[in-house]
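Note that this is a predicted model, so its numbers are computed, not measured.
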Amino acid sequence: MDPVVVLVPDERGLREFDGSALVRPVVYDVDGRIPAAGRAAEVLVAHGLDPARSGEIFAQLPNLRMVQLFSSGSDEWEAVIPAGIRLSNADRAHGGIVAEWAVAQLLSHYRRLDAYRARQREERWEAVSSGTLSGADALVFGAGDIGDNLRGRLEPFGTVVTSVGRTARGTVLDVPGALARLAEFDIVVLAVPLTAQTRGMVDAQFLAAMRDGAVLVNVGRGPLVDTDALVTELRARRLYALLDVTDPEPLPPGHPLWNAPGAVVTPHIAGTTAGTLDRCWAAVVRKVTEYAHRRDTEGRR
């Protein structure tokens, strides 16, 4: 069979698929122009493409079968993707790095590193009371790439990790089972996609059920959390929050989350480090090659 035509957003895409007998990459303009050689494309690599403007591109691609993302989350695309088109995320590209951010923030929180930075600026040789991850109980909503990586990084510190998935299996709790046990955990991590079912899952009732002094970590999506309810708990100094994602996002100047007691906010960068682009392209090549191999195998039957 002929190679699968794959639209790539830049010249790197040509290099990544160079030598592949299964894939013929064609560079397209993410502003909407598809070259003639790309009109037969079955796969679109959507990096840099605004989902809100994707319709004009989809209309030019009658053979499109798959849209490949650079991100783990796909919620922005699910509302615009045409029926029958597969939406493929960059799985295994971000989980380890996002988990690393969460562990770094938790270590800083428990060991009070911010307090020591302040004392260093003031030239004060003074100890402060701190906690430890060792023996802490963590509840991780999300038993996928991020959740698995987080377990692998927390357990060596002596943290006891309980995972939450869509269905209960083995040691993995389902959501109702996890909600019934929120008061047992020192750390609650959100590492689930944003869906109709998960939007606003962390509401006032959820937060009220958490243990006094517990830490909420959000590396999923901002709208998983009712922001007003979280601010209320933070101002009461009952909980802590380590947030790489917020609602709204970007967080505007003057928003109460910026200065809420016990909140740490970073601008959605947990998955962004040196090498991010390399990891994303590796995931893209793997996923697109898998698609092309399946198509080639089915065509030979």
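Atom CG in Asp50 sits 10.0 Å away from atom CD1 in Ile57 (nearest 0.5 Å). The distance from atom CD of Glu290 to atom CE of Met66, rounded to the nearest 0.5 Å, is 8.5 Å.
Look at Glu42 and Arg65 and you find no salt bridge, because none of the NZ, NE, NH1 or NH2 atoms lies under 4.0 Å from a carboxylate O. Salt bridge status for Arg286 with Asp91: present, with a side-chain N to carboxylate O gap under 4.0 Å. By the 4.0 Å N-to-carboxylate-O rule, Arg12 lies close enough to Asp278 to be salt-bridged with it.
Only one option out of Val8, Asp10, Leu61, Ile34 pairs with Tyr28 in a side chain to side chain contact (heavy atoms under 4.5 Å, CB included); it is Ile34. Just one of Leu190, Asp226, Val188 meets the side chain to side chain contact (heavy atoms under 4.5 Å, CB included) condition when paired with Val202; it is Leu190.
Of all the heavy atoms in Pro51 and Glu76, the pair that sits closest is CB-O, 3.7 Å.
In terms of modelled atom types and a separation under 3.5 Å, the side chain of Asp244 and the main chain of Ala270 share a donor-acceptor contact. For Arg211 (side chain) and Ala183 (main-chain N/O), a donor-acceptor pair under 3.5 Å exists by modelled atom type.
When only modelled atom types and interatomic distance are considered, Arg279 and Thr276 share a side-chain donor-acceptor pair under 3.5 Å.
Remark: Arg124 pairs with Glu122, Glu126 by the side-chain hydrogen bond (donor to acceptor under 3.5 Å, both in side chains) rule, at least two apart or across chains.
Between Phe141 and Phe206, the angle of the ring planes lies from 30° to 60°, which puts this pair in the tilted group.
Between Arg33 and Glu56 there is no side-chain heavy-atom pair separated by less than 4.5 Å. Residues Trp101 and Thr266 meet the side-chain proximity criterion, which asks for heavy atoms closer than 4.5 Å. With contacts defined as side-chain heavy-atom distances shorter than 4.5 Å, the pair Leu257/Thr227 qualifies.
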Less than 3.5 Å apart, which donor and acceptor atoms pair up between the side chains of residues 155-167 and the rest of the protein, not counting sequence neighbours?
residue, atom, partner, partner atom, Å
Glu155, OE2, Arg151, NH1, 2.8
Thr159, OG1, Leu133, O, 3.0
Ser163, OG, Arg151, NH2, 2.9

Full working for side-chain contact (heavy atoms from CB on, under 4.5 Å) between Asn149 and Asp145: CA-CA 6 Å; Asn149 275 280; Asp145 187 22; 2.9 Å; yes

